[in-house]
Trainee: 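If you scroll down you'll find the structure; I have some questions about it.
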There are 2 protein chains.
Amino acid sequence: MSNTQNNKKITAKGRETKDKIFRTAVELFSKNGFYGVSIRDITSAINIKESSLYHHYLSKEDLINDIYFYFAENIDATRLTDAQIDSILAEHDGHSLLQKCLQEFRGVMEQPLMAMAWRIISMQQYRDDKAFEILSIDFHRMRIKYYENIFRTLVKRRIIKALDPKLLAFEYFYTLIGMLTEYNVLKFLKRKTQVMENLMNEHIEFFWNKIKNS
Amino acid sequence: MSNTQNNKKITAKGRETKDKIFRTAVELFSKNGFYGVSIRDITSAINIKESSLYHHYLSKEDLINDIYFYFAENIDATRLTDAQIDSILAEHDGHSLLQKCLQEFRGVMEQPLMAMAWRIISMQQYRDDKAFEILSIDFHRMRIKYYENIFRTLVKRRIIKALDPKLLAFEYFYTLIGMLTEYNVLKFLKRKTQVMENLMNEHIEFFWNKIKNS
DNA sequence: GTCTATAGGAGGATAGAC
DNA sequence: GTCTATCCTCCTATAGAC
């Protein structure tokens, strides 16, 4: 979190205001981009003065860093634990596991604040090294490692063919993330997303049929 | 192109200046984003005055629209013709065809102006409907149709298994574009891209092995 | 913790001379 | 086709009263 308040007593009212600022910033940044939103836009939306914002955040940059932090912190929540994976495999097949994974993932990524934060970081990745870092390392790389782990388990148990788990993870994830990105942009534009939803399910289906041990 | 000059005689000097403006804008926008670059930044980089720019472009928006247009126009050049496809298949196998396709594609997309324009449109897709439209329709959808066509040919000639060409195209393309996007960001940050290059080749290899008729 | 007031600069764009 | 000069708006951020 931002260090603005390191030497200040934090009151309930203060926390509430800071929270309002945060949520409003996420909303506006995700809609109009970091550079398309002014401090005035944010403060006037919640009826405080610009100067009040600077009591809670050092700068506009401090504010967006807080959003990055929020995203990075919550991205971890999208993972099934080893125990959960085991219990799914005990009752269902690998195909169900992949579906369950996507469900879990989408459950977190489509929470409004996370979806907006994701969008903000995606926009910022081109201008802000910190955003690119979080997106490519904390998000993509970690996520690929997670899938690698899952595929390794599936190979070990001979549920799927003896393919390189790392390569499988890359193949599987990049397709999914490409589709999910387009899906999210469509959702923001309030257009139909059914095509993309179907594609994602077909992707899992297709991928599964290519790798399963039959 | 922009309509600024509809009723004006275009001299060689004018064309040259407009071209300088265009190329400088592409360079700066791709580095610092549309909102991170001012008209002043562009004109001072080529030693003309702001007012001179407005002789060639109606507005900053007119300028970026010209860049969109440039991208959309040149994206078509990345396609192998049916004749070229035939001749490749006559001498080599489907695997070579996929490699050749990627080569052709990268050859166009990595030309400096195109790479920068692509980056600009990618950034703008979140803020500008026109950019999203070009990226998702003119680029992604058309490209997928192109691959669909190739896979259909391969299926017809029994070079690959009898799978749905459209699905194959989606699978193939989304992975590639995800990797290529990350590859391009890395290149802009002047970081190592070898990992991504290897991944792209492994992707083709992996995909090919999954679909070929053996 | 929030306010009023204001500093101080950068932005897009235009009028009109040459 | 390019210049000088200028307009006016919007921006981030701060000082200091309450």
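The basis for the numbers below is simple: all heavy atoms, side chains too, and nothing from hydrogens, waters or symmetry mates. All values derive from a computational prediction rather than experimental measurement.
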Trainee: Do A/Lys187's NZ or CZ and the ring of A/Tyr183 fall within the cation-pi criteria of under 6.0 Å and 45°?
Mentor: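 No, A/Lys187 does not sit over the ring of A/Tyr183.
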Trainee: Could you check whether B/Arg141 pairs with A/Glu182 (Lys NZ or Arg NE/NH1/NH2 to Asp/Glu carboxylate O, under 4.0 Å)?
Mentor: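 Salt bridge present between B/Arg141 and A/Glu182.
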Trainee: Are B/Glu61 and B/Arg127 ion-paired here, with the side-chain N under 4.0 Å from a carboxylate O?
Mentor: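 Looking at B/Glu61 and B/Arg127, the cut-off is not met.
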Trainee: Return the nearest nucleotide to the side chain of B/Ser52; candidates are D/dA13, D/dT2, C/dA13.
Mentor: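 My answer, after comparing the listed nucleotides, is D/dT2.
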Trainee: Any carboxylate oxygen within less than 4.0 angstrom of a Lys/Arg side-chain nitrogen, looking at B/Glu148 and B/Arg152?
Mentor: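 So B/Glu148 pairs with B/Arg152 through a salt bridge.
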Trainee: Reading DNA chain D from 5' onward, which residue's closest nucleotide shows up sooner: B/Asn47 or A/Glu61?
Mentor: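 Nearest-nucleotide comparison on DNA chain D picks B/Asn47.
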Trainee: Would you indicate what B/Lys49 reaches in the nucleic acid, counting non-hydrogen atoms under 4.0 angstrom: base, sugar-phosphate, or nothing?
Mentor: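 Contact class for B/Lys49: base.
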Trainee: How many Å lie between CD1 on A/Ile39 and C1' on C/dC3, as a whole number?
Mentor: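 Computing the A/Ile39:CD1 to C/dC3:C1' distance gives 17 Å.
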Trainee: In whole Å, I'd like the distance from the OH atom of A/Tyr35 to the C1' atom of D/dC11.
Mentor: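 Interatomic distance, OH of A/Tyr35 to C1' of D/dC11: 14 Å.
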Trainee: Considering heavy-atom distances to DNA chain C, does A/Ala12 or B/Asp41 have its closest nucleotide positioned more toward the 5' end?
Mentor: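 Upstream on the strand: A/Ala12.
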Trainee: Just the rounded figure in Å: distance from C1' of C/dT2 to NZ of A/Lys20.
Mentor: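 Taking atom C1' of C/dT2 as the reference, NZ of A/Lys20 is at 12 Å.
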Trainee: Give a yes/no answer on whether the side chain of B/Lys13 brings an N or O atom under 4.0 Å of OP1 or OP2 in D/dG1.
Mentor: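 Negative; the distance criterion is not met.
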Trainee: When you match A/Arg40 and A/Thr17 each to their closest nucleotide on DNA chain C, which lands nearer the 5' end?
Mentor: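 Upstream on the strand: A/Thr17.
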Trainee: Nearest-Å distance, CG (B/Leu53) to C1' (C/dG11)?
Mentor: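 Answer to the nearest Å: 14 Å.
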Trainee: Is a salt bridge present between B/Asp19 and B/Arg15, judged by a nitrogen-to-oxygen distance below 4.0 Å?
Mentor: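 The answer is no: the pair does not qualify as a salt bridge.
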Trainee: Which nucleotide in the set C/dA13, D/dG1, D/dT12 lies at the smallest distance from any side-chain heavy atom of A/Glu50?
Mentor: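 Taking heavy atoms from C-beta onward, the closest nucleotide is D/dT12.
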Trainee: Within the pair A/Tyr54 and D/dA13, is there a side-chain N or O less than 4.0 Å away from OP1 or OP2?
Mentor: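 Indeed, a polar side-chain atom of A/Tyr54 lies that close.
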Trainee: Quick one: is the NZ or CZ of B/Arg119 closer than 6.0 Å to the six-membered ring centre of B/Phe188, and within 45° of its axis?
Mentor: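 Judged by the rule, B/Arg119 and B/Phe188 form a cation-pi pair.
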Trainee: OP1 or OP2 of C/dG1 less than 4.0 angstrom from a side-chain nitrogen or oxygen of A/His55, does that happen here?
Mentor: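 Yes, A/His55 has a side-chain N/O under 4.0 Å of OP1/OP2 on C/dG1.
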Trainee: Between A/His56 and C/dT2, is there a side-chain N or O to OP1/OP2 distance below 4.0 Å?
Mentor: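 True: A/His56 side-chain N/O within range (under 4.0 Å) of C/dT2 OP1/OP2.
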Trainee: Does any donor-acceptor pair link the side chain of A/Ser51 with the base of C/dC3 at a separation under 3.5 Å?
Mentor: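 Looking at the base of C/dC3, it does pair with a donor or acceptor on the side chain of A/Ser51 (distance under 3.5 Å).
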Trainee: Starting from C1' on C/dC3, measure out to CD1 on A/Ile46 and report it in whole angstrom.
Mentor: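 Roughly 14 Å, once rounded to whole Å.
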Trainee: Quick one: is A/Thr11 getting a side-chain N or O under 4.0 Å of the C/dG1 phosphate, OP1 or OP2?
Mentor: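 For C/dG1, OP1/OP2 do have a side-chain N/O of A/Thr11 under 4.0 Å.
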Trainee: Would you kindly give the CD1-to-C1' distance between A/Ile64 and D/dT12, to the nearest whole Å?
Mentor: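 Value for this atom pair: 15 Å.
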Trainee: Rounded to the nearest angstrom, tell me the gap between atom CG in A/Leu63 and atom C1' in D/dA13.
Mentor: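 Going from A/Leu63 (CG) to D/dA13 (C1'), I get 14 Å.
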Trainee: Tell me: CG of B/Asn32 to P of C/dG11, nearest whole Å?
Mentor: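 In whole Å, C/dG11 P and B/Asn32 CG are 11 Å from each other.
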Trainee: Base, sugar-phosphate or nothing for A/Ser38? Non-hydrogen atoms, less than 4.0 Å.
Mentor: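 Answer is sugar-phosphate: A/Ser38 comes under 4.0 Å of backbone atoms only.
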